[in-house]
Amino acid sequence: MELQSNFSLKSFNTFGIEAQAKQFIAVHSVAELKTVLLENKTNKKFILGGGSNMLLTQDIDALVIHIDLKGKKIIKEDENFVWVESQAGESWHEFVLWTIDHDFGGLENMSLIPGNVGTTPVQNIGAYGAEIKDSFVSCEAIAIENQESKTFLKEECHFGYRESIFKNSVKDQYIITSVVFKLTKRNHKINISYGDIAAELAKKDNTNPTLKDVSNAVIAIRQSKLPDPKQLGNSGSFFKNPIISKKDFEPIHAKFPEMKFYDISETKVKVPAGWLIEQAGFKGKRFGDAGVHKNQALVLVNYGNATGQEILAVSRDVQQTVFEIFGITIEAEVNII
Ligand code: EPU
């Protein structure tokens with residue numbers, strides 16, 4: 001463990017934004033994490049995982065603690081299921097590939113999502129018809145205040161669409177150190193209901209896909225639509241898809257009958273923000289080094305040297321224009337720091 005001062009976070013955030021941490025330390029075990037928390041009780045702290053869901057708009061005037069806990073293992077199994085535990089600092093995609101290599105099912109639709117395992121419960125990541133809550137069992141966390149360990153069971157996490165207790169009632173109080181998932185060993189529930197996956201598999205005439213085939217299809221789709229952060233800084237979907245009551249949606253839909261939407265309950269619909277942003281004319285638009293991705297309007301990108309403030313300005317312009325045209329508010333999904 002080495003404490004560093006005025007540390008550049010450029011390679012620690014997938015947007016590739018230049019910002020400095022007043023102090024920075026990487027922890028490699030729960031014991032190290034507890035020590036750092038105890039020794040810095042009164043200092044301002046900022047917890048950094050994979051840096052894939054944040055936009056840095058300023059330097060961080062705090063001790064940045066980078067969670068670099070590694071390791072994954074099988075902790076229990078029966079005839080049909082296996083319980084696997086991953087430490088928080090493992091790359092999510094590498095973890096997913098490891099489960100697929102073992103022929104464990106449940107996470108394949110979430111291949112290639114950037115970020116680390118420890119942050120996946122915070123916003124209940126999801127893609128192509130799957131969310132981590134479908135396979136999540138529990139996570140271990142350390143209370144920042146008193147360094148006590150706590151297990152959060154699935155029911156306690158209050159998972160919703162890109163939501164959990166960690167973004168709400170216990171926000172900034174705990175650091176997730178490991179996560180347990182329950183996966184299938186046989187009778188895998190292959191889920192190819194999402195149109196894009198079905199189309200990708202149909203291209204190969206694959207009517208009986210394996211976990212690996214589904215993962216490869218998802219990887220191909222993501223690579224065709226979503227920029228690789230190593231080549232073009234980004235944070236995945238910058239905005240959430242807005243959820244609107246059917247009552248409010250009716251007059252909007254009457255005015256814009258071509259608007260796409262999905263029923264999500266008796267009373268609510270979800271509208272794809274990417275569609276709204278594209279219709280508002282922003283898809284592929286560039287403002288200096290900040291812009292809206294050409295293949296997926298939900299994604300804001302950094303062409304090289306954009307500042308966080310410049311990306312933020314584009315996001316506000318997008319939000320305002322979408323609101324002026326459609327009367328729909330779209331909220332950021334990424335954390336704006
Ligand atoms: N659309 C457009 N223009 C665009 C983008 C999308 O018209 O530029 C339309 C598409 O034609 C489609 C609809 O919007 O009808 C939905 O698009 P897509 O299937 O690509 O999914 P999304 O709603 O844009 C969400 C997640 C993604 C996830 C995909 C696939 C959110 C905020 N985003 O995107 O998650 O990969 O579904 O499941 O829910 C992420 O969170 O970082 C992320 C990439």
Side-chain angles (χ1 to χ4, degrees), residues 13-15 49-55 92-93 96 107-116 119-134 159-164 167 191-200 214-215 217-229 232-244 253 256 258-264 268-286 291-301 311 314-315 318-319 321-322 325-326 328-335:
N13 72 100
T14 58
F15 253 124
S52 64
N53 199 40
M54 63 177 197
L55 176 65
W92 169 257
H93 180 56
V96 172
L107 306 179
E108 56 284 352
N109 291 37
M110 292 175 282
S111 298
L112 210 63
I113 295 183
N116 288 353
T119 40
T120 60
V122 178
Q123 53 157 355
N124 178 29
I125 64 164
Y128 306 105
E131 290 181 322
I132 67 140
K133 76 167 170 48
D134 308 331
F159 289 125
Y161 168 61
R162 299 294 195 271
E163 283 293 346
S164 77
K167 280 175 99 172
N191 173 1
I192 54 166
S193 55
Y194 205 90
D196 282 353
I197 302 192
E200 189 64 33
V214 175
S215 170
V218 168
I219 290 171
I221 299 162
R222 290 188 78 94
Q223 285 177 337
S224 71
K225 286 192 184 175
L226 298 164
D228 177 354
L232 189 61
N234 77 91
S235 198
S237 298
F238 192 91
F239 302 101
K240 289 200 252 188
N241 288 327
I243 293 170
I244 309 174
H253 196 213
F256 301 98
E258 68 290 8
M259 186 179 286
K260 298 193 175 187
F261 66 98
Y262 314 98
D263 270 328
I264 57 159
K268 289 183 176 148
V269 294
K270 185 147 95 179
V271 177
W275 187 89
L276 300 173
I277 298 166
E278 180 171 348
Q279 298 300 309
F282 280 99
K283 193 170 184 172
K285 270 215 175 165
R286 183 169 173 169
V292 178
H293 189 50
K294 64 179 189 334
N295 299 334
Q296 164 56 287
L298 257 187
V299 177
L300 301 188
V301 292
I311 306 252
V314 172
S315 79
V318 165
Q319 283 169 316
T321 310
V322 164
I325 299 174
F326 301 106
I328 294 177
T329 302
I330 53 172
E331 285 172 19
E333 185 197 318
V334 305
N335 296 312

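Treat the numbers as computed from the prediction; the structure is a model and nothing was measured. One-based numbering, in listed order, for ligands and for the atoms of each.
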S.K.: In the protein, what heavy atom is nearest to atom 10 (C) of ligand 1, and what distance, to one decimal place, separates them?
M.R.: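 For this ligand atom, the closest protein heavy atom is Lys260 NZ, 4.2 Å.
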S.K.: Distance under 4.0 Å to a non-hydrogen atom of Phe239: what atoms of ligand 1 satisfy this?
M.R.: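 What qualifies from ligand 1 is 32 (C).
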S.K.: Are any non-hydrogen side-chain atoms of Val271 and Met259 less than 4.5 angstrom apart?
M.R.: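 Val271 vs Met259: side chains touch.
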S.K.: What protein heavy atom lies closest to atom 16 (C) of ligand 1? Include the residue and the distance to one decimal.
M.R.: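 Looking only at protein heavy atoms, the one closest to atom 16 (C) of ligand 1 is Tyr262 OH, 3.5 Å.
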S.K.: Any cation-pi pair here, Lys270 with Tyr161, using under 6.0 Å and within 45°?
M.R.: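 Yes, Lys270 lies over the aromatic ring of Tyr161.
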S.K.: With a 4.5 Å limit on heavy-atom distance, are the side chains of Lys167 and Val122 in contact?
M.R.: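 Yes; the side chains approach each other to less than 4.5 Å.
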S.K.: What is the nearest protein non-hydrogen atom to atom 23 (O) of ligand 1, stated with its residue, atom name and distance?
M.R.: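 Closest protein heavy atom to atom 23 (O) of ligand 1: Asn241 ND2, 2.9 Å.
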S.K.: With a 4.0 Å cut-off on heavy atoms, is His293 touching ligand 1?
M.R.: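 Judged by the 4.0 Å heavy-atom criterion, His293 does not count as contacting ligand 1.
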S.K.: Looking at ligand 1, does Phe261 have a heavy atom less than 4.0 Å from it?
M.R.: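 The answer is no, since Phe261 has no heavy atom less than 4.0 Å from ligand 1.
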S.K.: Of all heavy-atom pairs between Leu298 and Ser237, which one has the smallest distance, and what is that distance?
M.R.: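 Residues Leu298 and Ser237, closest heavy atoms: CD1-OG, 3.5 Å.
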S.K.: What atoms of ligand 1 come closer than 4.0 angstrom to any heavy atom of Gly236?
M.R.: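 It comes down to these atoms of ligand 1: 42 (O).
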S.K.: As an exercise, identify every atom of ligand 1 less than 4.0 angstrom from a heavy atom of Arg162.
M.R.: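 Under 4.0 Å from Arg162, ligand 1 has these atoms: 26 (C), 27 (C), 31 (C), 33 (N), 35 (O), 39 (O), 40 (C), 41 (O), 43 (C).
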S.K.: Atom 35 (O) of ligand 1: protein heavy atom closer than 4.0 Å?
M.R.: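 Yes; the ligand atom in question has protein heavy-atom contact below 4.0 Å.
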S.K.: Is there a donor-acceptor pair under 3.5 Å between the side chain of Asn295 and the backbone N or O of Ser224?
M.R.: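 Yes; judged by distance alone, with no hydrogens or angles, the pair exists.
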S.K.: State, without any angle test, whether Ser111 and Ser215 hold a side-chain donor-acceptor pair at a distance under 3.5 Å.
M.R.: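 Short answer, yes.
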S.K.: Any donor-acceptor pair under 3.5 Å linking the side chain of Asn124 with the backbone of Glu131?
M.R.: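 Not at all, since once roles are kept as given, no pair shorter than 3.5 Å links the two residues.
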S.K.: What protein heavy atom sits nearest atom 5 (C) of ligand 1, and how far off is it?
M.R.: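 Nearest protein contact, heavy atoms only, for atom 5 (C) of ligand 1 is Gln296 OE1, 2.9 Å.
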S.K.: Would you check if Phe15 and Val301 make a side-chain contact, meaning some heavy-atom pair closer than 4.5 Å?
M.R.: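 In short, these two side chains do not touch, never coming nearer than 4.5 Å.
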S.K.: Give yes if a backbone or side-chain nitrogen or oxygen of Ala297 is under 3.5 Å from a nitrogen or oxygen of ligand 1, and no if not.
M.R.: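 Such a contact does occur with ligand 1.
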S.K.: Heavy-atom distances under 4.0 Å decide this one: backbone, side chain, both or neither, for Tyr194 against ligand 1?
M.R.: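 Side chain only; the backbone of Tyr194 stays clear of ligand 1.
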S.K.: Do the non-hydrogen side-chain atoms of Ile330 and Leu276 ever get within less than 4.5 Å of each other?
M.R.: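 Yes, at least one pair of side-chain atoms sits under 4.5 Å.
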S.K.: For atom 43 (C) of ligand 1, what is the closest protein heavy atom, and at what distance to 0.1 Å?
M.R.: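 For this ligand atom, the closest protein heavy atom is Ser237 OG, 3.0 Å.
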S.K.: So is Asn295 polar-close to ligand 1, meaning N/O to N/O under 3.5 Å?
M.R.: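 In this structure, Asn295 places no N or O atom under 3.5 Å from an N or O of ligand 1.
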S.K.: Would Glu163 and Lys240 pass as an ion pair if we require N to O under 4.0 Å?
M.R.: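 Judged by the 4.0 Å cut-off on N to carboxylate O distance, Glu163 and Lys240 do form a salt bridge.
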S.K.: Does Arg222 have a non-hydrogen atom less than 4.0 Å from ligand 1?
M.R.: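 A heavy atom of Arg222 does come that close to ligand 1.
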S.K.: Which residue owns the protein heavy atom closest to atom 14 (O) of ligand 1, what's the atom, and how far is it?
M.R.: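 Scanning the protein heavy atoms, the shortest distance from atom 14 (O) of ligand 1 goes to Pro272 CB, 3.2 Å.
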S.K.: Going by the atom numbers of ligand 1, which of them fall below 4.0 Å from some non-hydrogen atom of Lys283?
M.R.: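 Counting atoms of ligand 1 from 1, those under 4.0 Å from Lys283 are 3 (N), 4 (C), 8 (O).
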S.K.: Looking at ligand 1, does any of its N/O atoms fall within less than 3.5 Å of an N/O of Tyr128?
M.R.: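 Such a contact does occur with ligand 1.
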S.K.: Relative to the heavy atoms of Ala127, which atoms of ligand 1 are at a distance of less than 4.0 Å?
M.R.: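 So the atoms of ligand 1 that pass are 36 (O), 38 (O).
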S.K.: Using the rule side-chain contact (heavy atoms from CB on, under 4.5 Å), only one of Asn234, Leu232, Leu300 pairs with His293; which is it?
M.R.: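 By the side-chain contact (heavy atoms from CB on, under 4.5 Å) criterion, His293 pairs with just one of Asn234, Leu232, Leu300: Leu232.
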S.K.: So, 4.0 Å and heavy atoms of Lys225: is ligand 1 close enough to count as a contact?
M.R.: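 Yes.
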S.K.: Compare all side-chain heavy atoms of Glu333 with those of Phe239 and state whether any distance is below 4.5 angstrom.
M.R.: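 The answer is no, as the side chains (C-beta and beyond) never meet within the 4.5 Å cut-off.
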S.K.: Among all protein heavy atoms, pick out the one at the shortest distance from atom 39 (O) of ligand 1; state its residue, atom name and that distance to 0.1 Å.
M.R.: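 Scanning the protein heavy atoms, the shortest distance from atom 39 (O) of ligand 1 goes to Tyr161 OH, 2.7 Å.
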S.K.: Of the backbone atoms (N, CA, C, O) and the side-chain heavy atoms from C-beta on, which set of Glu278 has a member under 4.0 Å from an atom of ligand 1: side chain, backbone, both, or neither?
M.R.: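 Side chain only; the backbone of Glu278 stays clear of ligand 1.
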S.K.: Nearest heavy-atom pair of Tyr194 and Gly129: which atoms, and what distance?
M.R.: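 Shortest heavy-atom contact: CD1-N, 3.8 Å.
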S.K.: Grab the two heavy atoms, one from Ile192 and one from Ala198, that are nearest each other, plus how far apart they are.
M.R.: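 Ile192 and Ala198 have their closest heavy atoms at O-CB, 3.7 Å.
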S.K.: Any side-chain heavy atom of Thr329 sitting closer than 4.5 Å to one from Pro242?
M.R.: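 They are not in side-chain contact.
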S.K.: Identify the closest protein heavy atom to atom 1 (N) of ligand 1: which residue and atom is it, and at what distance?
M.R.: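 Its nearest protein heavy-atom neighbour is Trp275 N, 3.7 Å.
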S.K.: Using a strict cut-off of 4.0 Å, indicate which atoms of ligand 1 neighbour a heavy atom of Glu333.
M.R.: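 Close to Glu333: 32 (C), 41 (O).
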S.K.: For ligand 1, which part of Phe238 has a heavy atom less than 4.0 Å away: the side chain, the backbone, both, or neither?
M.R.: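 The answer is neither.
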